[in-house]
Amino acid sequence: MTIQTFTSYLESLSKTASRNEMTVVLAKLLSKSSSDEVDKVCYLLLGRLTPKFEGIEFQMATKSMIKVIALAYGSNVDEVTKIFKQKGDLGVVVAQLQPKADRPLADVGKRAHQGEPLQITTVYDKLLKIALEEGSGSVERKIFGFSELLKSLDPLSAKYMVRIPVGALRLGFSDMTLLDALSWMAMGDKSLRKLLENAYNVSADIGLIAKAFKEKAGKGIVHLKATPGIPIRPQQAERLGTAEEMIEKLGTSVAEWKLDGFRVQVHIISSKLKIKSSKFKTQRKQMQLGEKRSDKEVQIFSRSLENTTHMFPEIVGEFRKLDVGSAILDGEAIGYDPKTSKHLPFQETIQRKRKHGISDIAQKIPLRYYAFDLLSLNGESFLEVPFNERRKKLAELFEKKGKKLDPKTVTIAEQVIVSTPEALRKQFDESVKQGFEGIMVKKREAVYTAGARNFNWVKFKHMGVGKLADTLDCLVMGYYAGQGKRSGFGIGAFLVKV
DNA sequence: TATGTCTGCCC
DNA sequence: ATTCTGC
DNA sequence: GCAGAATGGGCAGACATA
């Protein structure tokens with residue numbers, strides 16, 4: 001598939017409001033993609049080059065792309081910046097500047113048609129090369145490389161490619177619609193969406209799923225189960241305003257302290273336990289950061305599926321002691337004062353979000369991991385198991401001590417069963433008194449709905465829902481043009497004096 | 001070496 | 001993380 | 001209610017530059 005064909009789809013998608021229509025258009029695009037390119041097509045549709053947990057980023061955004069555009073079209077940073085502030089979208093800036101380039105638009109178009117048409121895979125490879133530039137002089141190489149790429153593209157392709165590093169493709173759809181489209185491609189309806197979503201939840205790599213799906217000509221069924229080493233999309237919590245609503249919605253439920261730290265998904269992988277290698281697993285490169293596999297490897301993933309193992313050496317160390325084949329745990333890590341053992345505010349915990357000098361900061365700000373869920377154990381997925389049973393398994397895991405885990409570093413989240421709004425409020429008040437962020441209220445019978453935000457979990461925080469603390473009198477001092485949807489109004493935000 | 005700019009990822 | 005919007 | 005876009009505060013990392 002040529003890049004021009006691809007971006008003509010993007011153009012028509014961006015003009016489509018109805019997600020059902022988008023799904024049909026996307027299905028056609030996917031079916032026209034060969035199985036060698038469909039994964040790359042998926043990543044580019046999502047404005048990326050790889051899934052998040054691969055850790056490959058452009059390290060280029062608005063400022064860099066302004067330089068790219070200036071260089072490509074013989075303009076300068078000030079001019080491009082000015083137009084960008086007016087338009088609020090670098091794609092539109094490119095569309096506007098291109099005819100003014102040293103070569104007329106017609107020429108650029110002709111060049112794109114000359115010789116071999118540019119394939120989407122070629123463009124993808126060039127983008128990847130740019131993203132992978134690092135070290136001294138890399139900023140210049142990225143900017144120069146991207147400007148050369150822009151010049152080789154037809155106008156429409158340039159418009160969309162420039163939007164990718166700034167994370168503003170703004171096509172009006174994202175991963176879920178892409179899963180719908182895969183189903184539509186195979187079936188002409190959304191009947192396989194649930195199946196595909198299940199696969200995505202335990203292996204958040206749409207490119208891989210699309211490729212496997214396509215190779216089976218859409219007839220096969222994608223079977224994936226939770227695999228230690230591959231992150232599971234974390235369950236998220238809904239919000240409700242009052243304790244009454246919570247009890248009404250969840251019934252008798254479980255309350256846990258809401259800790260203001262990092263969401264941490266711990267994977268324990270034993271090499272002795274041979275993971276049945278799925279089609280996906282074999283295609284995947286060795287796990288990034290995957291040093292030699294000792295007999296017990298621990299990998300850690302963030303809420304957004306980043307591999308953050310390097311941030312938590314003490315947690316990794318503890319879990320390596322655990323006498324277990326493999327496991328996936330969900331929980332929260334929070335810093336504490338080594339003298340008083342008290343929890344630290346998020347502002348201090350976040351200083352652990354670093355990759356250098358971890359052992360130094362770990363002395364100053366040690367972390368404690370509160371496990372609150374068990375998603376898989378010794379190859380068996382618990383996603384479909386009710387919460388109270390998962391929790392029981394988790395407790396058993398902590399009790400059966402191969403070697404004892406240090407409770408200062410790794411522990412299990414406390415729970416209280418609540419069946420009335422009064423009891424719930426009492427827990428909430430107590431949590432505030434003890435300096436927590438509030439409480440998490442969880443439905444005892446609920447399965448772990450990976451990737452979803454629903455009322456299986458509800459957070460009870462101060463300040464209720466969407467209520468402003470107070471009103472404020474202010475004086476308008478100026479305004480900004482705004483980006484994206486706000487760019488059309490001329491004003492995106494006010495500058496205000498109190 | 002010290003500081004500044006830009007970026008990505010935590011919430 | 002929160003808030004808003006379109007469907 | 002779901003899916004998506006846009007927004008904010010604040011930290012460290014990567015590189016450029018003084």
inquiry  = Considering every strand and a 4.0 Å limit on heavy-atom distances, what is the contact class for N454(A): base, sugar-phosphate, or nothing?
reply    = nothing
ask   = Hey, does D175(A) reach any base, or is it just sugar-phosphate, or nothing, if we go heavy atoms under 4.0 Å?
value = sugar-phosphate
inquiry  = Aromatic contact between F372(A) and W257(A), with the criterion being ring centroids under 6.0 Å apart: yes or no?
reply    = no
query = Which whole-number value in Å describes the distance from L179(A) CG to dC2(D) P?
reply = 16 Å
note = To the nearest angstrom, the CD1-P distance between I143(A) and dT5(B) comes to 16 Å
request  = Round to a whole Å and report the spacing from CD of Q347(A) to C1' of dC11(B).
outcome  = 12 Å
task = May I ask you to verify if any side-chain N or O of R170(A) is less than 4.0 angstrom from the OP1 or OP2 atom of dA6(D)?
result = yes
From CA spacing to verdict: ring pair (Phe, Tyr, Trp, His ring centres under 6.0 Å), F319(A), H267(A) = CA-CA 9 Å; F319(A) 277 116; H267(A) 289 231; over 10 Å; no
request  = Please determine if a side-chain N or O atom of K461(A) lies less than 4.0 Å away from the OP1 or OP2 oxygen of dT2(C).
outcome  = yes
Listed nucleotide nearest any side-chain atom of S138(A), set dC15(D), dG1(D), dG6(C) = dC15(D)
inquiry  = Closest-nucleotide mapping onto DNA chain D: is E133(A) or L178(A) further toward the 5' terminus? I mean the 5' end.
reply    = L178(A)
ask   = Does R444(A) make a cation-pi contact with F387(A) (under 6.0 Å, within 45 degrees of the axis)?
value = no
key: Sidechain-backbone polar pair: T23(A) side chain, E21(A) backbone, donor-acceptor under 3.5 Å   = no
task = Would you mind telling me which of dC10(B), dG8(B), dC15(D) lies closest to the side-chain atoms of A61(A)?
result = dG8(B)
request  = Under 4.0 Å between any heavy atoms, over every strand shown, what does R19(A) touch: base, sugar-phosphate, or nothing? Just pick one.
outcome  = base
request  = Could you check whether K353(A) gets within reach of a base, just the sugar-phosphate, or nothing at all, counting any heavy atom under 4.0 Å?
outcome  = base
query = Which is true for L171(A) with a 4.0 Å heavy-atom rule: it touches a base, it touches only sugar-phosphate, or it touches nothing?
reply = sugar-phosphate
query = Between dC9(B) atom P and L305(A) atom CG, what is the distance in whole Å?
reply = 11 Å
message = Taking Q235(A)'s backbone N and O only, do any of them form a donor-acceptor pair with Y448(A)'s side chain (distance below 3.5 Å, no angle check)?
response = yes
remark   = Rounded to whole Å, the CG-C1' distance (D180(A) to dC2(D)) equals 11 Å
inquiry  = Can you measure K190(A) atom NZ to dC7(C) atom P for me and round it to whole angstrom units?
reply    = 13 Å
ask   = Touch check for Q236(A), heavy atoms < 4.0 angstrom, all strands: base, sugar-phosphate only, or nothing?
value = sugar-phosphate
Distance below 4.0 Å between R141(A) side-chain N/O and dA16(D) OP1 or OP2 = no
Stacked cation flag K258(A) on F436(A), 6.0 angstrom / 45 deg = no
request  = For T349(A), report the nucleic acid contact type (base, sugar-phosphate, nothing); a contact means any heavy atom under 4.0 Å.
outcome  = nothing
ask   = Taking the side chain of F173(A) as its heavy atoms from C-beta onward, which of dG1(D), dG4(D), dC6(B) lies nearest to it?
value = dG4(D)
task = Describe the nucleic acid contact of R193(A) in one word from base, sugar-phosphate, nothing, applying a heavy-atom distance below 4.0 Å.
result = sugar-phosphate
query = Rounding to a whole Å, what distance do you find between F53(A):CZ and dC9(B):P?
reply = 14 Å
request  = Look at the side chain of K63(A) and decide which nucleotide, out of dC6(B), dA12(D), dC11(B), has an atom nearest to it.
outcome  = dC6(B)
inquiry  = Check this one for me: any side-chain N or O of S136(A) less than 4.0 Å away from OP1 or OP2 of dA16(D)?
reply    = yes
message = Any side-chain N or O of R239(A) below 4.0 angstrom from OP1/OP2 of dT2(C)?
response = yes
task = Would you indicate, yes or no, if dC6(B) has its OP1 or OP2 atom less than 4.0 angstrom from a side-chain nitrogen or oxygen of K67(A)?
result = no
task = Would you classify K459(A) as touching base, sugar-phosphate or nothing, given that sugar-phosphate means primed atoms plus P, OP1 and OP2, and contacts are heavy atoms under 4.0 Å?
result = sugar-phosphate
task = Would you classify A452(A) as touching base, sugar-phosphate or nothing, given that sugar-phosphate means primed atoms plus P, OP1 and OP2, and contacts are heavy atoms under 4.0 Å?
result = nothing
query = Quick check: does any side chain N or O of E245(A) sit under 3.5 Å from a backbone N or O of T242(A), one acting as donor and the other as acceptor?
reply = yes
Distance test, side-chain N/O of S302(A) to OP1/OP2 of dC10(B), below 4.0 Å = yes
request  = Send over the distance from K355(A) NZ to dG8(B) C1', rounded to a whole Å.
outcome  = 11 Å
ask   = If you find the nucleotide of DNA chain D closest to I350(A) and the one closest to A168(A), which residue's nucleotide is nearer the 5' end?
value = A168(A)
request  = From the options dA16(D), dG6(C), dC10(B), select the nucleotide whose nearest atom is closest to the side chain of T308(A).
outcome  = dC10(B)
note = Closest of dG4(D), dC15(D), dC10(B) to the F262(A) side chain is dC10(B)
ask   = Can you tell which of dC11(D), dC10(B), dG4(D) lies closest to the side chain of S304(A)?
value = dC10(B)
query = If you check every side-chain atom of E134(A), which of dG1(D), dC15(D), dA3(D) has the closest atom?
reply = dC15(D)
request  = Indicate yes or no: does E437(A) engage K461(A) in a salt bridge with an N to O separation below 4.0 Å.
outcome  = yes
